[in-house]
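Shown next, in structure tokens, is the structure this report addresses.
Just so we're clear, the structure is a prediction, and the values are computed from it rather than from any experiment.
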Amino acid sequence: MNGESNTRPEPAAPTGRTPGLPRQAVILAGGQGSRLRPYTDDRPKPMVEIPGTGVPIIGHQLDWLAHEGVTDAVVSCGHLADVLQDWLDSTELPLRVRTVVETEPLGRGGGLKYAATRLPHADEPWYATNGDIWTRFPLRSMAAFHAERAATATLALARPRIPWGAVETDAFGHITDFIEAPPSPYLINAGVYVLAPEFAGLLPDRGDHERTTFPHLARERRLAGYPIPQGAYWRAIDTAKDLKEAAKELAGDRR
């Protein structure tokens with residue numbers, strides 16, 4: 001059995017909403033976070049706080065979503081779900097939040113499908129994000145990009161820095177320069193999505209949508225990619241090293 005809970009805050013929905021702009025979102029917060037231990041020994045990964053920010057990752061995400069016009073979020077929980085629920089219950093939230101708990105692993109695709117069934121507006125588009133992403137960029141612009149292309153799903157795309165120094169050579173093989181942590185030549189899935197109402201029905205009951213649903217949509221040209229605007233911060237918090245580097249980078253942004 002899987003369970004669900006409503007959190008206490010019930011803010012009023014804003015007026016003047018742009019038609020077609022998503023007002024609901026799913027946050028996937030059920031992972032074990034094993035590579036972030038010991039930080040995840042007593043809390044789920046989205047409850048980890050980047051030093052200096054004063055807020056857990058999921059708190060930043062909820063603020064961001066609310067700022068972008070979202071009024072309702074469903075948080076899919078698993079590992080140490082009670083810790084996350086206690087924080088939600090004791091925090092003044094900027095939007096309505098419902099939690100659903102996976103008591104058995106459904107995979108990212110199954111977890112997303114299960115959470116999507118609890119969204120309040122089944123006939124409207126929605127956002128989704130992985131619960132370990134720290135970013136901030138204009139979701140409204142991404143939603144407009146999605147609508148213009150009539151996509152079933154749109155992925156935010158990031159260009160992370162390579163974690164090693166790079167070497168440049170000339171045609172003869174002489175080293176000409178060293179570049180510390182350059183941007184990757186490839187775009188990656190940034191873990192933030194705009195999704196059409198029908199997308200939930202295409203998800204697997206169990207398993208990973210990135211191996212099933214996304215390749216199917218790509219073959220049918222129904223999958224779009226939105227590059228995160230230059231200068232917008234993005235980082236996935238997967239390891240203790242990510243946590244330390246994010247703290248350093250965000251401290252630099254605040255100076």
Side-chain angles (χ1 to χ4, degrees), residues 1-9 24-66 70 72-119 126-136 156 189-193 203 206-210 233-247 250:
M1 281 290 290
N2 292 305
E4 64 180 274
S5 174
N6 288 320
T7 60
R8 179 173 37 77
Q24 55 189 357
V26 168
I27 298 176
L28 291 174
Q32 292 282 338
S34 56
R35 291 195 295 167
L36 254 179
R37 288 176 179 159
Y39 300 99
T40 52
D41 284 344
D42 62 352
R43 69 196 65 194
K45 186 158 54 165
M47 281 298 300
V48 171
E49 182 178 318
I50 296 175
T53 62
V55 65
I57 296 170
I58 194 167
H60 169 77
Q61 291 182 330
L62 291 171
D63 285 342
W64 174 44
L65 290 169
V70 173
D72 293 90
V74 177
V75 180
S76 177
C77 309
H79 174 63
L80 297 175
D82 57 330
V83 177
L84 177 52
Q85 185 67 59
D86 288 347
W87 180 82
L88 291 169
D89 288 343
S90 63
T91 302
E92 185 175 348
L93 301 174
L95 71 175
R96 289 180 290 268
V97 178
R98 168 179 289 179
T99 55
V100 294
V101 180
E102 295 178 36
T103 55
E104 53 184 348
L106 300 176
R108 287 187 297 176
L112 190 60
K113 184 173 187 174
Y114 176 58
T117 64
R118 271 58 180 179
L119 290 169
W126 45 294
Y127 297 117
T129 181
N130 295 341
D132 59 356
I133 303 297
W134 188 286
T135 189
R136 203 172 188 103
N189 179 357
V192 180
Y193 313 100
L203 288 165
R206 293 176 182 272
D208 190 345
H209 56 292
E210 293 189 12
Y233 186 77
W234 178 91
R235 181 177 278 276
I237 309 300
D238 290 323
T239 66
K241 182 179 179 182
D242 290 327
L243 203 59
K244 293 174 183 175
E245 291 184 353
L250 291 169

query: Is it true that a side-chain atom of Asp208 and a backbone atom of Glu210 form a donor plus acceptor pair closer than 3.5 Å?
result: yes

4.5 Å side-chain heavy-atom contact, Arg136 and His60: yes

field: Non-hydrogen side-chain atoms of Thr53 and Trp134 separated by less than 4.5 Å
entry: yes

message: Measuring only between side-chain heavy atoms, which start at C-beta, is Trp64 closer than 4.5 Å to Ile133?
response: no

Least distance between heavy atoms, Ala246 atom then Ile237 atom: CB-CD1, 3.8 Å

message: Between Thr99 and Val74, is there a side-chain heavy-atom distance shorter than 4.5 Å?
response: no

Spatial distance of atom CG (Leu243) from atom CZ (Arg235) [nearest 0.5 Å]: 10.0 Å

Student check: side-chain heavy atoms of Trp87 and Leu93 closer than 4.5 Å: yes

- prompt: Any idea which heavy atoms bring Pro46 and Pro56 closest together, and the distance?
  reply: O-CB, 3.7 Å

message: Can you give me the closest heavy-atom contact between Leu84 and Ala29, atom names plus distance?
response: CD2-CB, 4.0 Å

message: I need the minimum non-hydrogen distance between Val55 and Glu49, along with the two atoms involved.
response: O-CG, 3.4 Å

message: Tell me if a side-chain donor or acceptor on Thr135 pairs with a main-chain N or O of Tyr233 at a distance below 3.5 Å.
response: yes

Spatial distance of atom CD1 (Ile58) from atom CG (Asp63) [nearest 0.5 Å]: 11.0 Å

- prompt: What residue among Arg96, Arg98, Arg118 forms side-chain hydrogen bond (donor to acceptor under 3.5 Å, both in side chains) with Asp72?
  reply: Arg96

task: Over all heavy atoms of both residues, which pair between Arg43 and Met47 is shortest? Give the atoms and the distance, please.
output: CD-O, 3.7 Å

- prompt: Any side-chain heavy atom of Ile27 within less than 4.5 Å of one from Leu62?
  reply: yes

message: Using a 3.5 Å distance criterion without hydrogens, assess whether the side chain of Asp242 forms a donor-acceptor pair with backbone atoms of Thr239.
response: yes

task: Measure from the side-chain N and O atoms of Trp126 to the backbone N and O of Leu119, and report whether any donor-acceptor pair falls under 3.5 Å.
output: no

- request: For the pair Thr91 (side chain) and Leu88 (backbone), establish whether a donor and an acceptor sit closer than 3.5 Å, ignoring hydrogens and angles.
  value: no

statement: Between Gly111 and Ser76, the two heavy atoms sitting closest are O-OG, 3.9 Å

